[in-house]
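Data first, discussion second: the structure below is written as C-alpha cells.
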Amino acid sequence: MPCQIILPEIRELMPSMVALRQRLHAHPELSYEEFETSHLVAEKLREWGYEVHHGLAGTGVVATLRKGHGIRTIGLRADMDALPITETSGLPYASRQDGKMHACGHDGHTAMLLAAGQCLAESIDFDGTVRLIFQPAEEGYVGAQKMIEEGLFELFPCDAVFAMHNWPGVPVGKFGFLSGPFMASADTVTIRINGRGGHGAMPQDTVDPVVAAASLVMVLQTVVARNLPPLDTGVVGVGTIHGGTASSVVPTHVELAVTVRALKETTRNLLLQRIEALAHAQAEAFGATADVSISPNAFPVLYNHPRETALARSVALEWLGEEGLVADMQPMTCSEDFSFMLQACPGSYLIMGNGEGAEGGCLLHNSAYDFNDTGLPYGASYWVKLVSAFLDPVD
Ligand SMILES: [Zn+2]
Ligand SMILES: [Zn+2]
C-alpha cells in the first residue's frame with residue numbers, strides 16, 4: 001500500500017479501525033436491530049466531543065461537530081445493518097450470529113466513517129459543521145426514508161450529503177463518481193392470479209391460474225423489449241412463482257413476485273403501469289382475475305447532483321490523480337436507499353474499490369464476502385479530505 005498517500009492522522013488510526021471493523025463483522029445486526037452497533041458508534045462519537053442524537057428511525061445516530069464560524073454544513077452517511085445470511089467465509093472474525101452476516105461491507109462503512117470522525121475531531125481544522133449520519137436498515141427496509149420521515153434534515157440541516165459503498169472488482173484506492181442517475185429504482189410488484197380450483201382431471205370446470213401465470217411470465221418479458229425506447233434502461237424479472245399442491249389439483253391461485261428496475265422515474269412509472277395492465281389483461285384472457293400490489297419498501301432512482309459530484313470527484317482527483325478514479329463509470333441497475341437522502345438534499349454517492357479478483361472478494365451479498373481492510377484508510381482519508389474541501393478553514 002502506498003502509505004504516503006494515506007493521511008498520517010488516519011494511518012495512526014489503522015489498528016483501531018481494523019479491530020473495530022472486524023469486531024463489527026463478528027457481531028452483525030439486522031435492519032432496525034443495530035442496537036449494539038449504534039450504541040458503540042454513539043459512545044465513541046460522544047467521547048470525541050460530538051453532539052450525539054441516538055434513536056432516529058430507531059437505531060439511527062446523527063452526530064454533529066462544529067469548528068470555526070463557517071455556516072456551511074456537510075453530512076456524511078454510513079449504513080450499519082447486516083444481512084440474513086449464514087456466513088461461510090471461515091475467517092477468524094466470521095459472524096458469531098447464525099443467519100446474520102455483514103455481506104455488504106457495512107461494517108467497513110461504519111468503521112471508516114468513525115475513524116474519519118475521530119480524525120476530524122482530534123486533528124483536523126475546518127470551518128463549519130460536520131454531521132455524521134449512521135443509518136439503520138439500508139438492506140431493503142428503507143432506513144434512510146425512515147430517518148427523513150422522522151425529521152433528519154429538519155432537525156439536522158445539511159447543505160450537502162455524501163455516502164460511499166465498497167465495490168468488489170474495483171482496485172483498492174480507486175473511487176468511482178457519476179453525475180446524474182447512478183443507481184436504479186427498485187420496486188417489487190406482487191401479482192396474485194385468482195382462478196377457480198378443482199379436480200385436475202376435469203379442467204373444463206375450473207379456471208386454471210397456473211396457465212394464466214405461465215402466460216403472464218412470458219408476456220412480462222415484452223415490457224422492456226416492446227414498451228421501452230431501446231436506449232432506456234429497465235429490468236422486469238419474475239423472481240418467485242408459487243402455486244399448486246399436487247399434479248391432480250387445479251389451484252385456486254398463483255402468486256408471482258416481480259422485481260422492477262429503472263434509471264428514470266418516467267421509465268419506472270411506465271414499467272409499473274404496463275406490468276399492472278398486462279397482469280389484469282392476461283388474467284382476464286383466461287377467465288381469471290388479478291390482484292396487483294406494489295411494495296411500499298421501494299427505492300427511487302439514485303440521482304447524483306452535478307455540482308456536489310464534481311466536488312466529490314475533484315477531491316479524489318487532486319489527491320490520487322487520474323489513476324485514483326474509475327474510468328468510464330457507468331450507471332448500475334442495483335439500488336440504494338441513499339436515493340431518498342438525495343431527493344431531500346443535494347449530494348453524491350460514490351463507490352470505492354474493495355479489490356480485484358480474489359482480493360476484492362466475491363459478489364456483494366455472497367455468504368463468503370468480506371470488506372477488504374486495506375481499503376479502510378482510503379475511505380477514511382477520503383472523508384476527511386472531502387470535509388476539508390467542503391469546509392475550507394479560514395486562515
Ligand atoms: Zn447490500
Ligand atoms: Zn450495501
Side-chain angles (χ1 to χ4, degrees), residues 21 24-25 27-34 37-38 41 57 59-60 76-89 95 97 99-114 133-147 161-170 172 175-176 178 182-188 235 239 259 261 295 297-302 304 326 331-342 347-355 360-373 375-376 378-380 382-383:
R21 204 288 292 179
L24 292 174
H25 192 90
H27 301 282
E29 295 177 296
L30 298 180
S31 298
Y32 295 122
E33 295 173 3
E34 306 91 341
T37 308
S38 65
V41 164
T59 49
L76 307 177
R77 171 279 215 171
D79 36 18
M80 301 184 287
D81 56 328
L83 285 152
I85 296 175
T86 297
E87 182 158 358
T88 59
S89 71
S95 171
Q97 307 286 324
K100 298 180 190 176
M101 178 195 173
H102 271 296
C104 203
H106 299 184
D107 46 350
H109 301 168
T110 302
M112 289 189 297
L113 191 56
L114 269 184
I133 302 164
F134 291 85
Q135 82 153 75
E138 191 283 326
E139 295 291 1
Y141 295 93
V142 293
Q145 187 184 32
K146 190 112 203 292
M147 285 187 102
V161 66
F162 299 86
M164 74 167 89
H165 206 292
N166 71 106
W167 216 260
V170 174
V172 170
F175 292 83
L178 187 72
F182 186 24
M183 288 198 175
S185 60
D187 288 278
T188 299
V235 178
T259 191
R261 313 283 172 137
S295 166
N297 282 347
F299 293 41
V301 174
L302 184 141
N304 274 337
V326 176
M332 306 194 221
T333 47
C334 42
S335 60
E336 160 63 66
D337 77 350
F338 188 64
S339 52
F340 286 105
M341 294 201 189
L342 293 178
S348 194
Y349 181 80
L350 54 126
I351 60 160
M352 59 163 278
N354 200 55
C362 38
L363 290 172
L364 290 167
H365 292 201
N366 184 288
S367 63
Y369 193 72
D370 190 32
F371 185 95
N372 185 343
D373 286 331
L376 289 170
Y378 285 94
Y382 177 80
W383 281 143

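Both counts, for ligands and for their atoms, begin at 1 and track the order of listing.
- At the Zn ion (ligand 1), the vertex angle linking NE2 of His365 with SG of Cys104 is 100° (nearest 10 degrees).
- Here Arg21 pairs with Asp370 in a salt bridge; the nearest charged N to carboxylate O distance falls below 4.0 Å.
- Judged by distance alone, with hydrogens and angles left aside, the side-chain atoms of Ser295 form no donor-acceptor pair with the main-chain N or O of Thr188 at under 3.5 Å.
- Between His25 and His102, the two ring planes are tilted [angle within 30° to 60°].
- Checking His106 against the Zn ion (ligand 1), every N/O/S atom stays at or beyond the 2.8 Å cut-off.
- When the Zn ion (ligand 2) is compared with the N/O/S atoms of His165, atom NE2 turns out nearest.
- Because the distance cut-off is set at 2.8 Å, Glu139 qualifies as a neighbour of the Zn ion (ligand 1) through one of its N, O or S atoms.
- A donor-acceptor pair under 3.5 Å links the side-chain atoms of Asn354 to the main chain of Asn372, judged by distance alone.
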